[in-house]
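Worksheet: the structure to be examined is printed underneath.
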2 protein chains.
Amino acid sequence: MSRRRFAEFACSLARSLDVIGDTWTPLILRDVFLGVDTFNDIVRDLGISRALLTDRLALLVREGILDEAEYRERPRRVRYTLTDSGRELVPILVALTQWGDRWRSGGEAPLEFTHDCGAPLESRVSCDACGSPITSESLTARPGPGGRAAPGTAVIAEHLSRGRT
Amino acid sequence: MSRRRFAEFACSLARSLDVIGDTWTPLILRDVFLGVDTFNDIVRDLGISRALLTDRLALLVREGILDEAEYRERPRRVRYTLTDSGRELVPILVALTQWGDRWRSGGEAPLEFTHDCGAPLESRVSCDACGSPITSESLTARPGPGGRAAPGTAVIAEHLSRGRT
DNA sequence: GCATTGAGTTCAGCAACTGAACTCTGTAGC
DNA sequence: GCTACAGAGTTCAGTTGCTGAACTCAATGC
């Protein structure tokens, strides 16, 4: 992880990945969401090294994705909770989990989700305006207000203005 | 990247992350989707080291997420394309990009998407059954057919059967 | 008192990533 | 026929990041 460096990319995907773009961080967030929210429980659940977990939790708190809820002082003990931005990541992690169910677990889901509507959850990413599912074929990209030909999107800018894709 | 080891987790999220759980891979997939699909173009666009890109492309092809389309033999030149499983990742990457727009780019999108319906894209993850948006509050998790108390979900299994979350 | 729990810190050894230089095959220009 | 260039890599030394095990420290339980 080159921690910092992706943040400067003119690309929100890179900026997202700067915080959650490693193998452990999404798993940590999933654990916190599922209620495995204390340091030792996360270590036990994931088998992550303690040094790395210390590092990642501090990063996630610093970046406003997790909060610490103190449940005892002296010695300080905290439970990690999701902030608003952290909660908004959950559906995305669920979508990625279900992609894994389909393509990497042979269709056998190790974990199943139920939606409040009562149905076993099948998630899909859809367009907020028309409600229909988003597929790679139904999308067009173009540079937005924050765009520029900076590292991370150097060639993309050319491509898009040339009208490809 | 500990390449291999996450694949054994009884967790589809971990298995997904085993392939795309690093900082570069999602950016490579986004580039290919946007038409930046040859080796040198990706290097120029991302500034990724050539050795690492070689490695990642080979992994993605091996795992069936990218395909190679030969556009010249001798010397062999290929264009990378998304397979079905790769295409299914695109909406998820878009959702993550828009999360980054909201939380990490101060609302200024470097890249904007238009949906086929004509609207500027606002993506959301929704329930396939009822169509309403999925939020972290509207979900319940429970162990599925492929579940067991294996590394990656050791403690989660306990938590869920105890009825937490 | 002594063991246990929870949340870390420290550190040596190893694996992964970076950056720069180099290779190899073929095309284009003159 | 020679030189320059492009495209897709490979090689490698140096650095950064991760792992695993052992250790610390405060408090509680027995």
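Quantities reported herein were computed from a predicted structural model and do not represent experimental measurements. The chains referred to below are lettered A, B, ... by the order of the sequence lines, with proteins before strands, and numbering in each begins at 1.
Atom C1' of nucleotide D:dT24 and atom CZ of A:Phe39 are separated by 13 Å, given to the nearest angstrom. One interatomic measurement links the two molecules: CG of B:Asp55 to P of D:dT10, which rounds to 10 Å at whole-angstrom precision. Rounded to an integer number of Å, the gap from B:Leu46 CG to C:dT18 P is 11 Å. The distance between atom CG of B:Asp18 and atom C1' of C:dA16, rounded to the nearest whole Å, is 15 Å. Residue B:Asp22 contributes atom CG, which lies 14 Å from atom C1' of D:dG17 at whole-angstrom precision. Whole-Å rounding puts the B:Leu57 CG to D:dG7 C1' distance at 14 Å. Spacing between atom CZ of A:Phe6 and atom P of D:dG17 amounts to 12 Å, rounded to whole angstrom units. B:Tyr71 has its OH atom 13 Å from the C1' atom of C:dT27, to the nearest Å.
A side-chain donor-acceptor contact under 3.5 Å links B:Arg142 and A:Thr114. No hydrogens or angles considered: nothing links the side chains of B:Thr81 and B:Asp67 as a donor-acceptor pair under 3.5 Å.
Phosphate proximity of C:dG6 to A:Tyr80: absent, as no side-chain N or O sits under 4.0 Å from OP1 or OP2. The side chain of A:Arg76 places no N or O atom within less than 4.0 Å of a non-bridging phosphate oxygen (OP1 or OP2) of D:dA27. Residue B:Trp24 places no side-chain N or O under 4.0 Å from the OP1 or OP2 atom of C:dA16. Phosphate contact (OP1/OP2 of C:dA7, side-chain N/O of A:Thr54, threshold under 4.0 Å): absent.
Residue B:Val43 is out of contact with every strand shown, counting any heavy-atom pair closer than 4.0 Å.
The residues B:Glu70 and B:Arg77 are annotated as not salt-bridged, no charged nitrogen and carboxylate oxygen being separated by less than 4.0 angstrom.
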Apply the test salt bridge (charged side-chain N to carboxylate O under 4.0 Å, His left out) to residues A:Arg104 and B:Asp18: give CA-CA distance (whole Å), side-chain angles for both, the deciding distance (0.1 Å), then the verdict.
-> CA-CA 10 Å; A:Arg104 324 218 87 246; B:Asp18 193 47; 5.1 Å; no
Criterion side chain to side chain contact (heavy atoms under 4.5 Å, CB included) on B:Asp22 and B:Thr25, from CA distance to verdict = CA-CA 6 Å; B:Asp22 78 318; B:Thr25 305; 2.4 Å; yes
From CA spacing to verdict: side chain to side chain contact (heavy atoms under 4.5 Å, CB included), A:Ile134, A:Leu139 = CA-CA 7 Å; A:Ile134 292 171; A:Leu139 283 177; 3.9 Å; yes
Hey, mind stepping through A:Ser105 and B:Arg15 against side chain to side chain donor-acceptor pair (under 3.5 Å) and telling me if it holds?
-> CA-CA 8 Å; A:Ser105 300; B:Arg15 289 179 190 155; 2.6 Å; yes
Contacts under 3.5 Å, N or O only, protein and nucleotides 19-26 of chain C:
residue, atom, partner, partner atom, Å
C:dG26, OP1, B:Arg74, NE, 3.0
C:dG26, OP1, B:Arg74, NH2, 3.0

